[in-house]
Amino acid sequence: MPLRIYNSLTRRKEEFAPLVPGEVRMYVCGVTVYDHCHLGHARAYIVWDTVRRYLQTRYRVRYVQNITDIDDKIIKRAQERGTTWEAIAQEFTAAYNEDTQRLNIQPADESPKATEYVEGMVALIEDLIARGYAYASGGDVYYAVQRFPDYGRLSGRQLQDMQAGASGRVDDEPHKRYPLDFALWKGVKPGEPSWDSPWGPGRPGWHIECSAMARALLGDRLDIHAGGADLKFPHHENEIAQSEAVAGQPLANCWMHNGFVNIDGEKMSKSLGNFFTIRDLLKRFSPMAVRWFVLQAHYRQPIDFTEAGIEAATKAWQTVNEGLQFAATFLTTPSPSKEGEKRRSPGLRKLWTMTSTRPWPWRSCSTWPKPCGLRPTFCGGERRSPLTKTWPPPRRLCTNCVVYWGSRRKLQQELWLGTSVFTSQQPPTYKP
RNA sequence: GGCGACGUAGCCAAGUGGUAAGGCCGAGGUCUGCAAAACCUCUAUCCACCGGUUCGAAUCCGGUCGUCGCCUCCA
């Protein structure tokens with residue numbers, strides 16, 4: 001059954017076919033390392049981690065996620081703290097790695113840092129100028145959005161519609177020819193880090209880094225480009241304008257965007273004080289409960305974080321985890337012999353006894369094996385796939401082992417994905 | 001004003017053409033000296049409302065009402 005993925009660019013589910021058969025090149029916009037990651041970051045990276053793991057069951061996946069280690073906010077934070085921007089970037093990169101590792105997020109195949117690709121960005125900007133898409137002005141370089149016919153396509157906007165909102169905010173950037181033009185290169189200001197360029201010392205604009213890094217590591221055309229819904233405009237719109245103007249072909253075949261996290265029904269924001277960092281959250285709840293909480297919901301829908309919700313997720317995870325552990329034991333036990341029975345813990349023995357004596361099917365299992373449990377619906381039409389079904393529902397997992405008796409391999413495969421998505425456990429090994 | 005999303009049990013939520021997953025809460029039960037824990041069972045004749053398409057719709061189309069997001073840095 002073909003995989004179908006919702007493409008933000010076309011606003012439809014489309015059949016997914018990698019450009020190179022068997023291989024998927026995926027780029028995810030990563031963090032700007034100026035502060036600790038919050039729940040919203042956690043959701044994004046858990047979702048993309050899960051998508052990646054699912055794709056890995058079908059394809060060879062190359063997953064690149066950048067780290068923005070030079071940016072206005074980093075510089076500002078360094079000034080506030082009286083330290084260097086490098087120190088800030090280093091500190092929060094380390095914190096990011098620690099947080100994601102605790103959340104059982106697989107490290108990316110490549111984690112390029114913006115500062116390591118300045119050369120590529122300069123080359124890209126030169127190319128854009130040569131092709132007439134960008135202009136140097138007063139030490140800065142801007143992208144002339146009016147030159148790019150498709151500008152606004154991803155976010156469904158027209159330039160005319162956006163002007164009204166942008167007109168009031170041009171004061172700080174007097175070198176722009178058009179209010180919606182965006183900076184590719186920012187001329188150096190006193191006390192700021194800078195790199196040499198044909199336009200004088202300065203630093204790259206935010207959007208150009210992703211274009212340069214994606215190109216350097218994955219080529220001119222990606223299979224999947226993903227990120228938070230808030231990046232659609234202007235970040236991804238600008239990336240498209242930059243990359244496609246130079247490459248002359250679509251930057252990505254499929255664009256995927258994850259939804260936001262609300263707190264008690266309100267938008268998460270620092271001013272409202274409803275802001276959770278990952279590390280604060282993990283002081284109170286298990287990483288797997290957080291994963292469960294995030295993965296319960298459709299990845300494109302907003303999720304509302306509430307105390308009751310995370311507690312429910314914690315309990316749900318506990319139940320599932322017990323089932324997984326039982327099933328893992330089940331799989332590694334040769335047969336339901338008395339000998340095998342003795343090796344189980346009392347709790348597992350009890351479950352074992354129950355499953356091996358209960359008749360099936362009985363009423364509560366009448367719906368098996370319909371999709372249940374976790375369902376990251378980035379893939380429509382994938383009802384029977386491991387991730388859309390994942391595993392039999394928690395309470396029934398143990399009992400359904402009986403049903404699976406004749407096809408342990410199938411169960412093993414599903415459990416492998418299930419456990420690897422939720423825990424760092426190794427898949428149970430089954431020796432026939 | 002422009003673009004978009006959502007409305008499913010007391011609560012959270014899955015399900016995008018074939019007849020309602022799962023979790024929380026609650027109820028009953030097994031076990032237990034009692035309790036707790038654990039486990040088992042039960043809990044939507046129906047998916048905001050009104051029309052339409054179809055053999056068949058929570059699922060597609062049109063309309064109504066309601067909630068929310070983006071349009072500024074942001075996962």
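Residue numbers begin at 1 in each chain, while the letters A, B, ... track the order of the sequences.
For B:A44 and B:C40, the C1' atoms lie 22 Å apart once the distance is rounded to whole Å. Taking atom P on both B:A36 and B:G28, the two are 12 Å apart, rounded to the nearest angstrom. The same atom, C1', is picked in B:G26 and in B:C11; the two are 12 Å apart, to the nearest Å. On the C1' atoms, B:C61 is 29 Å away from B:C71, given to the nearest whole Å. Comparing B:A75 with B:A13, their P atoms are spaced 24 Å from each other, to the whole Å. The gap from the C1' atom of B:G1 to that of B:A57 amounts to 35 Å, rounded to the nearest Å. Rounded to whole Å, the P atom of B:G23 lies 13 Å from the corresponding atom of B:U43. Distance check on atom P: B:U8 versus B:A58 gives 15 Å, rounded to whole Å.
Residue A:G156 is classed as a sugar-phosphate contact, given heavy-atom separations below 4.0 Å to backbone atoms only. As judged by a 4.0 angstrom heavy-atom cut-off over every strand, A:V47 is placed among residues making no nucleic acid contact. The residue A:S155 sits close only to the backbone: its heavy atoms come under 4.0 Å of sugar-phosphate atoms, none of a base. Contact annotation for A:G40: base contact, defined as any heavy-atom pair under 4.0 Å involving a base atom. Contact annotation for A:H38: base contact, defined as any heavy-atom pair under 4.0 Å involving a base atom. No contact: A:G265 has no heavy atom under 4.0 Å from any strand. Here A:K232 lies out of heavy-atom contact (under 4.0 Å) with every strand.
Residues meeting the side chain to side chain contact (heavy atoms under 4.5 Å, CB included) test with A:E244, sequence neighbours left out: A:F148, A:I240, A:P250, A:L251. A search for side chain to side chain contact (heavy atoms under 4.5 Å, CB included) contacts involving A:A87 returns A:T83, A:T84, not counting sequence neighbours. Residues forming a side chain to side chain contact (heavy atoms under 4.5 Å, CB included) with A:A216 (at least two apart in sequence, or on another chain): A:Y117.
In RNA chain B, the stems built from three or more successive Watson-Crick or G-U pairs (distances below 3.5 Å) are B:1-7 with B:65-71, B:10-12 with B:22-24, B:26-30 with B:38-42, B:48-52 with B:60-64.
For the pair A:Y45 OH and B:A75 C1', the computed distance is 6 Å after rounding to whole Å. Regarding A:N262, its CG atom lies at a distance of 17 Å from the P atom of B:A5, rounded to whole Å. Regarding A:Y34, its OH atom lies at a distance of 8 Å from the C1' atom of B:C73, rounded to whole Å. At whole-Å resolution of the value, NE2 in A:H298 and C1' in B:U8 are 16 Å apart. The interatomic distance linking A:F305 (CZ) with B:A13 (C1') rounds to 16 Å, in whole Å. Rounded to an integer number of Å, the gap from A:Y6 OH to B:A5 C1' is 9 Å. Taking atom CG on A:D230 and atom C1' on B:C3, their separation rounds to 16 Å, with Å as the unit. Taking atom NE2 of A:H257 as the reference point, atom C1' of B:A5 lies 15 Å away to the nearest angstrom.
The aromatic ring centres of A:Y142 and A:Y178 sit 6.0 Å or more apart. Ring centroids of A:Y96 and A:Y45 are separated by less than 6.0 Å, placing the two rings close together. Taking the six-membered ring wherever Trp is involved, the centroid distance between the rings of A:F275 and A:H38 falls below 6.0 Å.
Relative to the side chain of A:T32, the nucleotides B:C71, B:C24, B:A75 differ in distance, and B:A75 lies closest. Across B:C6, B:A13, B:A75, the shortest atom-to-atom separation from the side chain of A:A297 is found for B:A13. Here the side chain of A:Q301 is nearest to one of B:C71, B:C3, B:C6, namely B:C6. The A:H41 side chain lies nearest to B:A75 when the options are B:C71, B:A75, B:A5.
At least one side-chain nitrogen or oxygen of A:K315 sits closer than 4.0 Å to the OP1 or OP2 atom of B:C25. Contact between the side-chain N/O atoms of A:K267 and the OP1/OP2 oxygens of B:C70 is found at a separation under 4.0 Å.
Using modelled atom types, one side-chain atom of A:E237 and one backbone atom of A:R153 make a donor-acceptor pair closer than 3.5 Å.
Nearer the 5' end of RNA chain B, as judged by each residue's closest nucleotide, is the contact made by A:E311, out of A:E311 and A:L231. Each of A:A308 and A:W48 has a nearest nucleotide on RNA chain B; the 5'-most of these lies closest to A:A308.
Among pairs with a residue in residues 103-115 of chain A, those fulfilling salt bridge (charged side-chain N to carboxylate O under 4.0 Å, His left out) read A:R52-A:D109, A:R62-A:E110, at least two apart in sequence or across chains. A salt bridge (charged side-chain N to carboxylate O under 4.0 Å, His left out) check over residues 34-44 of chain A, counting only residues at least two apart or in different chains, returns the pairs A:D35-A:R77, A:D35-A:K270.
Of all non-hydrogen atoms in A:W199 and A:I125, the two that sit nearest each other are CH2-CG2, 3.4 Å.
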